[in-house]
Amino acid sequence: MRWREPLVCALALTGAALAQSNTVPAEAVPVPMPLPVPFTAEAVEKGREQFHRTCAQCHGRNMVNAGTTVYDLRKFPTEQRERFYNSVTNGKGNMPSFKGALEPETIEMLWNYVATRGGKEL
């Protein structure tokens with residue numbers, strides 16, 4: 001009976017290793033994106049409200065943070081909407097995935113807020 005525990009552990013580790021080797025990198029998984037919403041004051045305000053509910057804990061209120069431990073979203077490239085969607089949906093680095101937690105339309109609201117630098121570049 002003493003052999004069971006090491007065998008079960010070895011099988012579990014082998015299964016985990018196989019599962020890891022067959023995963024597709026998050027960057028390779030297409031992210032469903034809605035049509036872009038025009039940047040308007042109303043869209044940016046909705047994005048700001050969502051940002052403060054979802055993102056401000058890590059990225060700072062009004063996107064203001066030191067930029068040393070989390071990405072400074074005020075510097076996010078405005079021509080990289082798809083990258084933003086991918087990062088929010090699949091996570092990146094220490095950032096968790098919001099897949100299933102945020103609808104694409106909600107991510108679009110966040111994009112309106114981030115891409116306009118909080119409405120400063122409307």
Side-chain angles (χ1 to χ4, degrees):
M1 292 297 178
R2 295 182 129 232
W3 56 269
R4 256 191 194 166
E5 225 172 273
L7 179 62
V8 169
C9 187
L11 287 173
L13 288 172
T14 302
L18 286 172
Q20 286 286 18
S21 67
N22 292 328
T23 58
V24 177
E27 293 81 24
V29 177
V31 176
M33 294 180 8
L35 292 173
V37 173
F39 295 150
T40 63
E42 181 183 356
V44 170
E45 183 54 34
K46 286 181 180 179
R48 178 189 329 273
E49 291 168 4
Q50 185 64 47
F51 182 89
H52 287 137
R53 282 192 299 270
T54 311
C55 313
Q57 303 87 296
C58 297
H59 290 284
R61 187 150 181 82
N62 299 320
M63 295 186 285
V64 176
N65 67 64
T68 55
T69 57
V70 296
Y71 191 83
D72 186 346
L73 291 173
R74 295 170 294 175
K75 298 176 182 175
F76 198 93
T78 59
E79 71 281 355
Q80 295 186 13
R81 179 174 173 256
E82 187 174 345
R83 176 180 157 205
F84 180 82
Y85 269 78
N86 186 57
S87 296
V88 173
T89 303
N90 297 313
K92 182 161 183 145
N94 289 330
M95 181 175 158
S97 165
F98 285 91
K99 186 180 288 181
L102 295 177
E103 296 295 324
E105 294 76 17
T106 305
I107 299 172
E108 183 67 19
M109 287 190 292
L110 291 169
W111 175 244
N112 272 264
Y113 179 65
V114 171
T116 62
R117 312 294 185 227
K120 293 177 182 159
E121 295 181 11
L122 260 178

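Throughout, numbering of the chain's residues begins at 1 and tracks the sequence.
When side chains are defined from C-beta on, F39 counts as touching W111, because their heavy atoms get closer than 4.5 Å. Inter-residue side-chain proximity for R81 and P36 is flagged as met; some heavy-atom pair is nearer than 4.5 Å. Under the 4.5 Å side-chain criterion, counting only non-hydrogen atoms from C-beta, F84 is in contact with I107.
A43 and P38 make their closest contact through CB-O, 4.0 Å (heavy atoms, listed as atom of the first residue, atom of the second, distance). When all heavy atoms of R53 and Q57 are compared, the pair lying nearest together is O-NE2, 3.5 Å.
Side chain to side chain, Y85 and E108 meet the donor-acceptor criterion of an N or O pair below 3.5 Å. Under 3.5 Å, the side chains of K99 and N90 contain a donor-acceptor pair of N or O atoms.
Distance CE/M95 to OG/S87: 6.0 Å, rounded to 0.5 Å. Here CD of E121 is found 7.0 Å from OG1 of T78. Values are rounded to the nearest 0.5 Å.
Other residues, nucleotides and ligands contribute at most 12 non-hydrogen atoms within 6.0 Å of the CD atom of E103. Atom CD of E105 sits in a crowded spot, with more than 12 heavy atoms from other residues, nucleotides or ligands closer than 6.0 Å.
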Apply side chain to side chain contact (heavy atoms under 4.5 Å, CB included) to residues L102 and L110 and explain how you reach the verdict. CA-CA 10 Å; L102 295 177; L110 291 169; 4.0 Å; yes
Side chain to side chain contact (heavy atoms under 4.5 Å, CB included) for N62 and R48? Distances and angles first, verdict last. CA-CA 8 Å; N62 299 320; R48 178 189 329 273; 4.1 Å; yes
Verdict with supporting geometry, T89 and S97, side chain to side chain contact (heavy atoms under 4.5 Å, CB included): CA-CA 5 Å; T89 303; S97 165; 5.5 Å; no
Mind listing the side-chain donor-acceptor pairs of residues 67-74 below 3.5 Å, one per line with the distance, residues two or more places apart or on another chain?
| from | atom 1 | to | atom 2 | distance (Å) |
| --- | --- | --- | --- | --- |
| D72 | OD1 | R74 | N | 3.1 |
| D72 | OD1 | R74 | NE | 2.9 |
| D72 | OD2 | R74 | NH2 | 2.9 |
| R74 | NE | M63 | O | 3.2 |
| R74 | NH2 | N65 | O | 3.4 |

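At distances below 3.5 Å, at least one donor-acceptor pair connects side-chain atoms of T116 with backbone N or O atoms of N112.
The side-chain tip of R83 points at the ring of F76 from less than 6.0 angstrom away and within 45° of straight on.
Not counting sequence neighbours, R117 has no partner by the side chain to side chain donor-acceptor pair (under 3.5 Å) test. By the side-chain contact (heavy atoms from CB on, under 4.5 Å) test, A56 pairs with F51, H52, sequence neighbours left out.
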